[in-house]
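For reference, the structure is listed below as structure tokens.
None of these values were measured; they are calculated from a predicted model. Side-chain atoms are counted along with the backbone in the values below, which use heavy atoms only and exclude waters and symmetry mates. Positions are given from 1 along the sequence.
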Amino acid sequence: MKLKLKTALAVLIILISACDSEDDKVEVSADNVSANIMVISDVHYFDPSLLVNDGTAFQTYLASDRKLLSESEAITESVIASIKSQKPDVLLIPGDLTKDGETVCHQNLKTKLDELRNVGITVLIINGNHDINNPDAVSYDGDSTTPVETVTPDEFKSIWNEYGYSTAIAMDENSLSYVSEPVEGLRILALDVCKYDPQETSGVLKDQTLSWALEQIAIAKAENKAIFGMMHHGLIEHYQGQAQFFSEYLIDNYATASTTLQNAGLEIMFTGHYHANDIVSQTVGDTKLYDIETGSTVTWPCPYRSLNVEGKSISITTNYVTEVDGVTDFQNYAENYIETGLNTLATYMFMSEPFELPQENAQYLAPYFAEGFMAHYAGDETPTTEDLIVIENVSQQNTTIGYALGSLWTDLAPADNTVTITLQ
């Protein structure tokens with residue numbers, strides 16, 4: 001009898017303890033969520049060993065591009081190794097996973113990112129303008145190019161099923177958008193804003209998808225969940241005049257969509273596309289919305305972000321790719337590469353609409369704009385006295401061009417590379 005009594009008491013104690021444990025359990029909500037997040041963007045993964053037999057065709061393409069495509073595989077491997085060593089809870093990739101949507105590049109990048117999933121890191125992606133139905137998906141052979149297979153929206157979703165879709169708690173029937181909760185109490189609203197029927201550089205947040213997004217924000221708020229957005233194109237202008245000079249890097253309806261999402265309670269949107277490491281904010285009444293743009297891993301200074309989320313506080317730091325197999329002094333190499341490429345691109349830009357300058361004038365202005373673009377790509381732009389004099393001189397000759405150059409050098413608040421954001 002005594003043994004049975006002792007057993008019964010022991011069971012009762014265990015049950016009481018279990019009940020106490022449930023009572024003591026703290027529910028994770030927007031107020032006390034804790035997460036380590038990393039962000040990489042515009043990976044533009046490309047494997048020359050599979051798609052290039054070097055010659056004039058590939059070299060001509062490289063001469064007109066700012067991206068380190070020949071080194072993209074080695075850069076990607078370097079970034080993956082760094083992320084694996086830091087082991088965040090979540091890695092976000094807001095688009096342009098591949099050079100031009102080549103099926104083989106999607107498949108190979110997915111295999112590389114599997115290394116992160118295999119060590120317990122949740123990886124969430126969304127498509128960029130390069131990734132789907134891209135007519136520029138080609139292989140290079142000497143002086144010629146040949147079209148290669150590119151993915152459809154359904155194929156994209158199939159390849160990247162385990163990178164957001166298979167664990168989604170909600171999916172939009174009108175796009176590739178979804179909601180995931182990778183960390184208890186924190187949801188990621190991944191928005192597909194790309195145009196791929198046919199494929200275009202510009203983007204738009206479709207009315208149906210915006211309505212769906214507003215529903216998902218409302219649900220998260222009702223359940224006291226934190227919710228951050230992620231999409232490829234910019235949601236807020238990152239410098240004055242961006243919508244005028246480079247509208248394709250913002251969604252077409254950025255002004256109304258940003259205000260609508262902000263009024264619904266969204267405070268954070270992770271973006272990419274422009275290859276700049278830049279953060280801007282927009283204030284409406286008592287609310288604030290941050291567009292946290294992350295630069296490209298294949299465009300100098302090859303940044304990626306680390307974020308520590310503790311309740312309402314988000315501490316952001318920036319990392320850089322510094323070591324890449326086969327490249328000595330990688331940062332110096334990358335800087336020289338982009339400076340040369342941007343001079344070429346700026347010259348072409350000024351000879352085209354809306355500027356249509358003579359070649360001599362375009363070549364004169366190009367180095368100043370290359371420097372301005374590089375400053376914007378790096379973030380925390382701080383013009384020197386010499387830069388300000390150049391901006392003033394250019395403005396006296398051409399008000400519009402001077403305005404564009406000055407805007408690149410004007411760093412809108414907050415800081416871009418190291419900053420702590422406090423949410424409402």
For the [atom1] atom of [X] and the [atom2] atom of [Y], what is their distance to the nearest 0.5 Å?
X	Y	atom1	atom2	answer
Asp65	Ser70	CG	OG	10.0 Å
Leu205	Cys194	CG	SG	11.0 Å
Glu115	Ile83	CD	CD1	11.0 Å
Ile268	Ile188	CD1	CD1	10.0 Å
His130	Cys105	NE2	SG	12.5 Å
Ile126	Tyr165	CD1	OH	4.0 Å

- [ ] Please assess Trp409 against Thr384 for the test side chain to side chain contact (heavy atoms under 4.5 Å, CB included), listing each intermediate value before the final yes or no.
- [x] CA-CA 10 Å; Trp409 277 105; Thr384 64; over 6 Å; no
Give a yes or no answer on whether the side chain of [X] reaches the backbone of [Y] with a donor-acceptor pair at less than 3.5 Å.
X	Y	answer
Ser395	Ile391	yes
Glu335	Glu339	no
Asn129	Lys195	no
Asn133	Tyr196	yes
His273	Pro94	no
Arg305	Glu293	yes
Lys87	Val119	yes
Asp131	Leu97	yes
Thr103	Glu149	yes
Asn32	Ser34	no

Is there a side-chain contact between [X] and [Y], using heavy atoms and a 4.5 Å cut-off?
X	Y	result
Pro88	Ser306	no
Glu223	Glu181	no
Trp160	Leu113	yes
Asp329	Tyr333	no
Tyr61	Leu69	yes
Thr400	Phe245	yes
Ile251	Met231	yes
Trp300	Arg66	no

- [ ] Check step by step if side chain to side chain contact (heavy atoms under 4.5 Å, CB included) holds for Ile37 and Leu92.
- [x] CA-CA 7 Å; Ile37 301 173; Leu92 303 177; 4.0 Å; yes
If we ignore angles and hydrogens, is there a donor and acceptor under 3.5 Å between the side chains of [X] and [Y]?
X	Y	answer
Ser64	Tyr348	no
Thr150	Asn134	no
Thr111	Asn108	no
Ser315	Asn308	no
Ser29	Glu27	no

Counting only heavy atoms not in [X], do more than 12 sit closer than 6.0 Å to its [atom1] atom?
X	atom1	result
Asp54	CG	yes
Glu173	CD	no
Asp325	CG	no
Asn118	CG	yes
Glu77	CD	yes

TODO: In sequence, state the C-alpha distance, the side-chain angles, and the governing distance for Asn277 and Asn417, and then conclude on side-chain hydrogen bond (donor to acceptor under 3.5 Å, both in side chains).
DONE: CA-CA 7 Å; Asn277 218 55; Asn417 294 306; 2.8 Å; yes
Task: Candidate list Val79, Ile80, Val43, test side chain to side chain contact (heavy atoms under 4.5 Å, CB included), partner Lys112, passing option - done: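 Single pass found, and it is Ile80.
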Of all the heavy-atom pairs spanning [X] and [Y], show the shortest one and how long it is.
X	Y	answer
Val298	Ser72	CG1-CB, 3.8 Å
Ala243	Glu237	N-OE2, 2.8 Å
Met349	Phe355	O-CD1, 3.7 Å
Asp252	Ser202	OD1-CB, 4.0 Å
Lys110	Tyr163	O-OH, 3.4 Å
Ser41	Thr294	CB-O, 3.6 Å

Open item on the list: Quick one, Thr209 with Asp172, criterion side-chain hydrogen bond (donor to acceptor under 3.5 Å, both in side chains). Give me CA distance, side-chain angles, the key distance, then yes/no.
Closed with: CA-CA 7 Å; Thr209 300; Asp172 176 34; 2.8 Å; yes
TODO: For the pair Tyr239 and Glu381, evaluate side-chain hydrogen bond (donor to acceptor under 3.5 Å, both in side chains) and give the outcome as yes or no after the intermediate values.
DONE: CA-CA 11 Å; Tyr239 54 85; Glu381 304 91 311; over 6 Å; no
- [ ] Using the side-chain hydrogen bond (donor to acceptor under 3.5 Å, both in side chains) rule, take Ser82 and Gln86 through it: C-alpha gap first, then chi angles, then the decisive distance, then the call.
- [x] CA-CA 6 Å; Ser82 177; Gln86 296 186 54; 3.2 Å; yes
Open item on the list: Between Asp192 and Lys157 (salt bridge meaning N to carboxylate O under 4.0 Å), is one present in this structure?
Closed with: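 Answer for the salt bridge query: no.
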- [ ] Report the C-alpha separation of Gln242 and His376 in whole Å, then their side-chain angles, then the decisive distance to 0.1 Å, and conclude whether the side chain to side chain contact (heavy atoms under 4.5 Å, CB included) test is met.
- [x] CA-CA 12 Å; Gln242 185 180 19; His376 182 61; 5.6 Å; no
Task: Working for side chain to side chain contact (heavy atoms under 4.5 Å, CB included), residues Phe330 and Ile75 - done: CA-CA 10 Å; Phe330 174 74; Ile75 292 171; 3.7 Å; yes
TODO: Taking the six-membered ring for Trp and the single ring otherwise, decide whether the centroids of His238 and Tyr249 are under 6.0 Å apart.
DONE: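 So the answer is no for these two rings.
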